[in-house]
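What follows is a single structure, written as structure tokens, with notes after it.
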Amino acid sequence: MEKKKQRSVTRGIILTILAIAIGYTVYAAVTKDKINIVQAGAQAPDFEVVDLQGEKHRLKDYEGKGVVLNFWGTWCEPCEREFPAMTRQYAEFKGQDVQIIAVNFAQSEFEVKKYVANMGMTFPVAIDKTKSVFTAYNIGPLPTSIFIKPDGTIDRIITGEMTEKEIVQYMESIKPE
Amino acid sequence: MNKLLCECGHENPEGTTLCQKCGSPLSAEEKSKKIADMRYEGTAIRSKTYNKSIIDKIWNFFSSVKVGITLIIINLIAASIGTILPQEFYISVATDAEKEKYYSDVYGWFGEIYYALGLSDLYSSLWFQLLVLMLGVSIIIASIDRGIPLHKSLKNQRVKRHSNFMKRQRIIGEGKPTETPDQTLQLVEQSLKTLKYNVRREDDSILAERGRFSRYGAYVNHVGLIVFLIGVMLHLVPGMYVDESMWLREGETRAVPGMDGYFLKNDKFILETYDNVPQGEQIKQGVNVVAKNYQTDVTLYKQQENSVPGQAENLEKVKQYGIQVNHPLKHEGYAFYQMDFRLNEIKTMVFDLINKETEQSLGQLSIDLTNPQEVYTLENGAQVELMGFYPDFSGFEDGVPQTATQTPNNPAFIFKMTTPETPDGETSFVAIQQTLEPEGDNIYKMKFSNVETRHMSGLTIRYDRTIPILIVGGIIFMIGVVIGSYWNHRRIWIEQLADGTIRMAAHTNKNWFSMKKDLDALTKHAHLPQYVDQQEIENNEHVETEKDGKTL
């Protein structure tokens, strides 16, 4: 009887170890694409960009404020559709300590400046010439907007176009208390 | 638990077919056989012994050879299905909708079904990975289940065996020695030692063994497979494995994906071809030029300490290298491979500002598409203002030019040309083979003169810490194969009875021919009676009965 019990325990331990190994592998495989990406709840990677006016924006310096990080390109139609709403909401939220920073996908200064002037965008726009911020945030399709809470953690990541209502709602949720 | 009691008085665990002490057959099935089944030495295979609790049931499922083979077959079929059409990661489209479209456009209804069933991303699918993992579990459990009892019984072999065991071996012999009966066992020992057998003697019994380790080949083999599987599994652990790709244009510096803090600059892409006159196979296959070299000259830069993404000033140069196919740039375990290229993307466009009637040029201006200027001043006081630039012009929308992508596939411009003759300026929209003059006929026009292009390199960045593990797994696997294939486990049992009669039996797991050669030498040296191969006799009997049948 003693031997039988011992045998069950040994088998149980081996099976448990194998089950854990499988569980981990499957979990890692399923979340593979997300491991290196920034995900909601995680700390947003720090970065620094220089906007068209030559001003530096470092994420760390915005601690205590909400930050909307918008990744875009001039050819991207949904980006173009959401900019007027973002410009309007920027005016609203600026006084409430929510900052918008738009990061362009390595286009020429000429194109970006013309575009910004045309669209009447008032928030800081920077060009990520080395695509280094894009890489750090593992950005795929455009537009992608990342809402960062005052404590520097990511509140949500929105891939694709947002309605003005959504923009308001999301900006509201990262407003400092 | 039921014990099986042998004639010799030894208690064997349930499921044992040959007594672990004397080797007598225990089960009815075993008793009915003329030659003993020596697989696993007749021990009880663990899974066959107990089948009570849920743990035992799971255990037994995975330890089954049938289940194992079924898993291997299912794995093979699944893996081969994945090779029918190219997998998603070989297709350079981004979104799911594009992928779906690609499969249905390129492969028709079959592609559509293939995509819908998820076979286009088979190897990363959950079910496929579960299949592989189940196979891994089956290998581990089956090895433990069979390997441990086998090891135990090989370790605890008795020298003296019951006559039932001896008689039921394939090779047996019995009879008086032909010469010097009182020295037979010494001669046997001597002879077997020169044949490199391990000889054990107990009273008048001898057990001689050779190449026992070859029985472990299959298990060594399995260990190798398991190590290999662990290595593959570790690919998924962050920091162990990176496989990224990037397009890099000449002159461009980019952050390296998967390698934080590093930047790579493409200094030059080189495509060299053989300068030969096509002949032979080359003409048959319609190949005009044969590539000799694909090379990207790059410079690797590192960010300053404590920098964050986006800070690309003061990059520190790490190294310069010409990446060629099979000659990657290597740095700190990372390797950059030359994978792909695209030639002649438009980089700079050169225009002449000319008078439409006289065709006289007021000067030339060259527009760097990666960094267009707002104003280009020419001599003679003329100037051209760039009002708009559309790198991939795709048509007008509400009178506004649109660009489809950021790549200069079809550049278009809006110019405002100011000359001493036209101080108010003339506006013109210029695209490839298309000029629009929205304010009526202009006096001047931008005449396309020439273009400068640049190439683009497709590089792959790899980082793999699991390679040593994979190599070790592979080596262990091969060692197992070699052990199991090139050696064999030979055993000879010899007993001298009180009246001087010699009783012998021999067994090997493979290569009976060599075994018999050993036995011949032994028989000659120790003057033993001639042995017989029971299986051969049995086969001959079969053949004879068949022949008889035919003649009847």
Side-chain angles (χ1 to χ4, degrees), chain A residues 1 3-4 7-12 14-15 17-19 21-22 24-33 35-36 45-50 56-60 73-77 103-111 113-114 118 126 128-138 140-141, chain B residues 1 46 50 52-53 55-56 58-59 62 94-95 124 126 129-130 133-134 136-137 140-141 144 230 233 235-238 242 246 252-258 260 263 303 307-312 315 368-374 386-392 394 400 402-407:
Chain A
M1 256 359 233
K3 213 179 159 192
K4 195 175 164 190
R7 183 202 77 222
S8 275
V9 170
T10 322
R11 286 187 177 185
I14 295 171
L15 287 175
I17 292 170
L18 292 174
I22 290 185
Y24 177 79
T25 311
V26 168
Y27 167 79
V30 170
T31 55
K32 185 176 136 200
D33 298 333
I35 282 174
N36 294 324
D46 195 12
F47 65 90
E48 186 180 276
V49 288
V50 182
K56 280 185 181 173
H57 298 268
R58 179 146 181 186
L59 183 61
K60 222 174 92 189
T74 62
W75 71 94
C76 150
E77 285 173 32
V103 182
N104 173 274
F105 186 71
Q107 290 185 278
S108 67
E109 222 163 280
F110 175 85
E111 285 166 273
K113 275 186 175 161
K114 280 269 183 254
N118 261 342
D128 187 14
K129 287 206 172 94
T130 57
K131 300 175 192 169
S132 131
V133 183
F134 272 79
T135 307
Y137 277 81
N138 216 341
Chain B
M1 180 166 45
R46 296 190 162 195
Y50 324 101
K52 298 268 155 56
S53 66
I55 290 177
D56 290 336
I58 296 172
W59 185 272
F62 281 112
T95 64
S124 33
L126 199 58
Q129 290 179 339
L130 275 176
L133 291 169
M134 275 170 74
V137 170
I140 294 171
I141 291 185
I144 296 173
I230 289 172
M233 206 180 94
H235 274 184
L236 297 166
V237 177
V242 170
M246 69 195 280
E252 197 181 33
T253 307
R254 258 199 77 172
V256 181
D260 292 345
F263 291 78
Q303 249 180 350
S307 293
V308 295
Q311 290 176 327
L315 292 177
D368 178 354
L369 300 190
T370 59
N371 188 20
Q373 302 299 304
E374 283 186 46
L386 186 58
M387 309 283 287
F389 165 49
Y390 311 92
D392 194 3
S394 57
V400 183
Q402 301 293 315
T403 181
T405 67
Q406 80 273 38
T407 339

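In what follows, every chain begins at residue 1, and chains take the letters A, B, ... in the order their sequences are listed. Model, not experiment: these values are computed from the prediction.
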To the nearest 0.5 Å, what is the distance between [atom1] on [X] and [atom2] on [Y]?
X	Y	atom1	atom2	answer
B/Thr370	A/Glu109	OG1	CD	11.5 Å
B/Arg254	A/Lys129	CZ	NZ	15.5 Å
A/Gln107	A/Asp128	CD	CG	11.5 Å
A/Lys56	A/Glu48	NZ	CD	5.0 Å
B/Phe263	A/Thr135	CZ	OG1	8.0 Å

Does any heavy atom of chain A fall under 4.5 Å from the side chain of [X], the backbone, both, or neither of them?
X	value
B/Phe389	both
B/Glu252	side chain
B/Ile230	neither

Portion of [X] that has a non-hydrogen atom of chain B nearer than 4.5 angstrom:
X	value
A/Leu18	side chain
A/Lys114	side chain
A/Glu111	side chain
A/Phe134	neither
A/Ser132	both

Give a yes or no on whether the backbone of B/Asn371 and the side-chain of A/Ser108 come within a donor-acceptor separation of less than 3.5 Å. no

In terms of heavy-atom pairs under 4.5 Å with chain A, the winner among B/His235, B/Gln373, B/Met387 is B/Met387

Heavy atoms only, distances under 4.5 angstrom: which of B/Gly310, B/Pro309, B/Ala255 has the most pairs with chain A? Name it, please.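 Of the options given, most contacts go to B/Pro309.
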
Have a look at B/Val137 and tell me which of B/Leu133, B/Ile141, B/Ile140 forms a side-chain contact (heavy atoms from CB on, under 4.5 Å) with it.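 Of B/Leu133, B/Ile141, B/Ile140, side-chain contact (heavy atoms from CB on, under 4.5 Å) with B/Val137 is met by B/Ile141 alone.
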
